[in-house]
Amino acid sequence: MPAVTVSGKLHKGRVELNTPIDLPDGSEVYVVAQVGIEKQAAHRKANGWLVDHVGNLVMAGDGALVQSGDRWVWRFHAYLTSASQPPRGPVGEVDVDATTGDVLNAPQTIEMMYARGDRLIGAA
């Protein structure tokens with residue numbers, strides 16, 4: 001069977017196609033998620049959020065595009081940094097909506113990062 005491209009949206013964890021299509025059982029299907037914000041831009045947003053809300057010694061590490069509920073997000077682990085030691089952690093995660101570029105973290109995330117950071121500093 002030749003390749004066919006059909007668009008749709010993710011809704012409650014399921015792909016809903018704009019145009020129904022019948023495929024034989026065993027057909028290979030590929031899903032490509034289109035993002036509105038590239039990884040590098042999302043990384044900058046995550047770092048900005050960390051500096052503004054957690055502290056200037058917490059930085060975002062490498063990120064990954066993951067599904068969170070019904071949306072795609074760039075997820076970055078957050079690490080404690082200093083000039084005298086390698087990064088420690090992670091102390092938490094920062095999610096950036098891959099479509100809108102909005103940082104999705106709740107206020108509880110900040111408190112959790114503080115608590116994990118304090119434990120890491122106390123263990124050093």
Side-chain angles (χ1 to χ4, degrees):
M1 175 178 263
V4 176
T5 301
V6 179
S7 62
K9 294 203 183 271
L10 193 64
H11 181 72
K12 296 184 180 178
R14 296 181 187 266
V15 176
E16 294 182 356
L17 301 176
N18 294 335
T19 305
I21 185 169
D22 290 322
L23 298 172
D25 287 344
S27 295
E28 287 189 32
V29 178
Y30 299 91
V31 176
V32 176
Q34 287 190 310
V35 296
I37 183 170
E38 297 294 325
K39 184 177 181 179
Q40 294 81 3
H43 190 259
R44 287 190 299 274
K45 284 188 170 268
N47 274 325
W49 184 87
L50 287 166
V51 168
D52 289 347
H53 294 89
V54 183
N56 65 338
L57 295 178
V58 182
M59 299 299 287
D62 199 25
L65 185 63
V66 299
Q67 186 179 354
S68 178
D70 62 349
R71 68 176 75 191
W72 288 93
V73 300
W74 289 108
R75 179 165 291 157
F76 300 91
H77 291 293
Y79 295 90
L80 290 177
T81 62
S82 76
S84 62
Q85 296 183 2
R88 292 182 281 168
V91 294
E93 297 173 334
V94 178
D95 285 352
V96 178
D97 187 299
T99 303
T100 65
D102 295 334
V103 177
L104 303 173
N105 289 59
Q108 300 89 329
T109 303
I110 299 167
E111 297 303 321
M112 179 200 62
M113 287 186 192
Y114 284 152
R116 287 183 179 170
D118 286 344
R119 284 196 296 272
L120 282 173
I121 291 169

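Here the structure is a predicted model, which is why all the values come from computation and not from measurement. The figures that follow rest on heavy atoms only: side chains count, while hydrogens, waters and symmetry mates do not.
- Taken together through direct or relayed side-chain contacts under 4.5 Å among Ile, Leu, Val, Met, Phe, Trp and Tyr, Leu50 and Val103 form part of one hydrophobic cluster.
- The minimum heavy-atom distance linking Val58 with Ala78 is given by the pair CG1-CB, 3.9 Å.
- Looking at Leu104 and Arg71, their side chains come closer than 4.5 Å, going by heavy atoms from C-beta outward.
- In the displayed structure, Glu28 atom CD is contacted under 6.0 Å by at most 12 heavy atoms of other residues, nucleotides or ligands.
- In terms of heavy atoms, Tyr79 sits closest to Pro90 at CE2-N, 3.5 Å.
- Side-chain contact check for Asp62 versus Lys39: some heavy-atom pair is nearer than 4.5 Å.
- Nearest heavy-atom pair across Leu65 and Ala98 is CD1-CB, 3.7 Å.
- Between the side chain of His77 and the backbone N or O of Val94, no donor-acceptor pair lies under 3.5 Å.
- One finds the CE atom of Met112 at 7.5 Å from the CD atom of Glu93 (value rounded to the nearest 0.5 Å).
- Of the possible polar contacts, none joining the Gln85 side chain to the Pro87 backbone as a donor-acceptor pair under 3.5 Å is found.
- Counting heavy atoms from C-beta outward, Ile37 and Thr100 have side chains that stay 4.5 Å or more apart.
- Under the 3.5 Å distance criterion, the side-chain polar atoms of Asp97 are matched with a main-chain donor or acceptor of Thr99.
- A donor-acceptor pair is defined here as one N or O able to donate and one able to accept, closer than 3.5 Å; such a pair exists between the side chain of Asn105 and the backbone of Asp95.
- Tyr114 and Phe76 fall within a single hydrophobic cluster, where Ile, Leu, Val, Met, Phe, Trp and Tyr are joined by side-chain heavy atoms under 4.5 Å apart, directly or via other members.
- No single ILVMFWY cluster, assembled from side-chain heavy atoms under 4.5 Å apart, contains both Leu57 and Val51.
- Taken together through direct or relayed side-chain contacts under 4.5 Å among Ile, Leu, Val, Met, Phe, Trp and Tyr, Val6 and Val15 form part of one hydrophobic cluster.
- Using cut-offs of 30° and 60° for the angle between ring planes, the Trp49 and His53 rings count as parallel.
- When the side chains of ILVMFWY residues are joined at heavy-atom separations under 4.5 Å, either directly or via intervening members, Met113 and Leu80 end up in a single hydrophobic cluster.
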